[in-house]
Number of protein chains: 2
Amino acid sequence: MKNYELVLHRVEADLAAGRLRIGGRLPGERVLAEQLGISRPSVREAVRVLEAMGVVRTATGSGPEAGAVIVAEPVSPLTAVLRLHLATNHLPMGDVVQTRILLESWAAREAAGRSPELGPVVELLDRMDAPGLSPEEFHLLDAEFHVALAGLAGNVLIAAVMESLRSAIHGYVLAAVPSLPDWEATAVGLRGEHRAIVSALAAGDADGAAGLVTAHIQGFYQAARLPS
Amino acid sequence: MKNYELVLHRVEADLAAGRLRIGGRLPGERVLAEQLGISRPSVREAVRVLEAMGVVRTATGSGPEAGAVIVAEPVSPLTAVLRLHLATNHLPMGDVVQTRILLESWAAREAAGRSPELGPVVELLDRMDAPGLSPEEFHLLDAEFHVALAGLAGNVLIAAVMESLRSAIHGYVLAAVPSLPDWEATAVGLRGEHRAIVSALAAGDADGAAGLVTAHIQGFYQAARLPS
DNA sequence: CCTATCCTGTGGTCCGACCACAGGGGTAGA
DNA sequence: TCTACCCCTGTGGTCGGACCACAGGATAGG
């Protein structure tokens with residue numbers, strides 16, 4: 001048992017028992033070290049891991065915002081894990097795309113049955129119509145759109161995984177843009193597909209929305225020929 | 001920019017560029033520290049994070065197995081993230097169950113169309129028939145069965161997420177067992193449902209397999225009344 | 001040739017120190 | 001009395017150095 005794991009177990013137990021809550025603060029590193037009978041470097045290694053896991057956010061200085069504050073940020077760690085394992089090439093891009101299709105088509109189907117509030121989503125689409133958007137800006141809005149769609153289904157886990165998938169592959173997508181035959185034409189097509197998806201959602205057409213989402217994602221990745 | 005992030009970026013870049021591969025080794029902590037112009041404690045914090053992300057495995061001693069070896073182990077970090085965020089109560093158990101149903105029914109549907117090798121799966125079921133299994137032992141085999149099913153679909157990402165979900169909720173499931181009215185009867189029912197799922201897979205009945213998986217998972221969680 | 005020992009390099013842990021930062025309270029001035 | 005400023009305190013961030021346990025390989029001895 002490595003020493004820093006003492007801190008991880010302690011924090012997890014405190015969370016599960018309600019002794020630590022979102023917005024609360026960990027004891028100071030020096031205090032924690034003395035309580036657990038370990039050194040401050042060991043405590044710091046654990047805090048780093050918790051930070052990487054999206055459980056705490058550290059800040060220097062004093063006041064309520066300083067120290068190691070408990071947060072619940074599952075997206076960044078999931079993104080980091082996916083990005084690192086994509087980098088090892090042991091996580092095929094095709095599998096990521098397949099997962100996106102599964103999650104997003106499910107989310108679209110689910111959202112269509114909920115008659116959700118589509119105002120913010122439509123506003124995103126309007127912003128994507130702005131002329132002169134760079135591929136980078138366009139894709140950031142595109143990512144927001146897809147994440148918002150996933151959020152409409154009301155499952156925080158699936159929404160988090162979706163956002164992580166988008167973030168993890170963002171760099172790869174941008175790198176593939178120059179290989180597209182005609183970026184402007186592609187963007188026009190994507191805009192139209194987005195509008196069609198939203199229309200299907202507004203009409204409560206679950207099967208239609210799911211099918212459109214599937215075609216939308218598949219179409220883009222085939223056009224971009226992302227490496228697997 | 002915190003110093004330990006230098007190491008993370010360096011490692012990710014080396015992975016993406018192919019300078020680091022699975023089975024390779026990171027430079028020693030002291031060497032890395034000098035190369036990047038930072039201290040060894042900073043390097044160690046980064047290595048801890050990479051270890052928590054399932055990218056490296058550290059070991060003391062000497063020889064090819066010692067040091068920080070590059071691995072690709074996405075399941076344990078995903079499990080850790082899910083467990084920690086379940087502990088914060090900001091990740092509803094209901095969402096986890098819903099995600100399991102989505103992923104597993106998809107995997108069953110996919111596997112049914114592939115006429116996969118079901119031998120290992122059936123062997124697991126046979127082991128679950130052994131009399132006198134404790135709930136703990138039963139559920140470990142049950143977890144293996146579900147993970148194996150997810151693996152039949154051939155998507156490493158979905159299989160990893162599935163395994164993580166199972167591992168993350170394992171403790172909660174075991175804790176709920178005593179609240180079941182009749183554990184033995186429950187186990188008999190689960191065994192029968194497992195056999196039916198495998199039969200549907202063997203017959204290539206995609207819709208049937210997916211429906212059985214959905215009912216199997218939903219039924220158990222309703223019986224166990226897991227907290228959300 | 002075989003065996004037992006030592007050497008070397010690895011991560012694991014600890015100590016003590018100093019820095020940058022930000023808030024809060026005390027103090028000097030108006 | 002009120003206000004503005006400054007210092008004090010506590011926080012994480014970083015560093016250097018030291019020692020330990022461990023495991024393999026090199027080496028000297030039989």
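Since this is a predicted model, take the numbers as computed values, not measurements. Atom set for the values below is all heavy atoms of this structure, side chains included, hydrogens, waters and symmetry mates excluded. Every chain is numbered from 1, with letters handed out A, B, ... down the list of sequences.
Between B:R30 and C:dG12 there is no side-chain polar atom (N or O) within less than 4.0 angstrom of OP1 or OP2. The shortest distance between the side-chain N/O atoms of A:S42 and the OP1/OP2 oxygens of C:dC14 is below 4.0 Å. Proximity of B:R48 to the phosphate of C:dT13: a side-chain N or O atom is located under 4.0 Å from OP1 or OP2. When the side-chain nitrogen and oxygen atoms of A:R44 are compared with OP1 and OP2 of D:dG13, one or more of them lie within a distance under 4.0 Å.
What separates OH of A:Y4 from C1' of C:dG11 is a distance of 12 Å, to the nearest Å. Between A:E45 atom CD and C:dG12 atom P there is a gap of 8 Å when expressed in whole angstrom units. Atoms CD (B:E51) and P (C:dG12) sit 7 Å apart, rounded to a whole Å. What separates NZ of A:K2 from C1' of C:dT10 is a distance of 13 Å, to the nearest Å. Protein atom CZ of A:R25 is 13 Å distant from nucleotide atom P of D:dG10, rounded to whole Å. Distance, A:R40 CZ to D:dG16 P: 16 Å, rounded to whole Å. The CZ atom of B:R57 sits 16 Å away from the P atom of C:dT10 (whole-angstrom rounding). For the pair A:L32 CG and D:dG12 P, the computed distance is 9 Å after rounding to whole Å.
Using a 4.0 Å heavy-atom cutoff across all strands shown, A:G63 reaches sugar-phosphate atoms only and no base atom.
For B:T60, the listed nucleotide lying nearest its side chain is C:dG11; candidates were D:dT11, C:dT13, C:dG11. Here the side chain of A:P41 is nearest to one of D:dT11, C:dC15, C:dG12, namely C:dC15. The B:S62 side chain lies nearest to C:dG9 when the options are D:dG16, C:dG11, C:dG9. Checking C:dG12, D:dC15, D:dG13 against the side-chain heavy atoms of A:T58 singles out D:dG13 as nearest.
The aromatic rings of B:H194 and B:F138 sit parallel to each other, their planes meeting at less than 30°, with 60° as the upper class boundary.
A salt bridge links B:R57 with B:E65; the closest basic N to acidic carboxylate O contact falls under 4.0 Å. Between A:R48 and A:E51, at least one side-chain N (NZ, or NE/NH1/NH2) sits under 4.0 Å from a carboxylate O, which counts as a salt bridge.
The 5' end of DNA chain C is approached more closely, in terms of each residue's nearest nucleotide, by B:G61 than by the other of B:G61 and A:G37. Each of B:V31 and A:I38 was matched to the nucleotide of DNA chain C holding its nearest heavy atom; the match closer to the 5' end belongs to B:V31.
Not one N or O on the side chain of B:R40 forms a donor-acceptor pair closer than 3.5 Å with the backbone of B:E29.
Note that CG of A:L36 and CG of A:N3 are 9.0 Å apart. Values are rounded to the nearest 0.5 Å.
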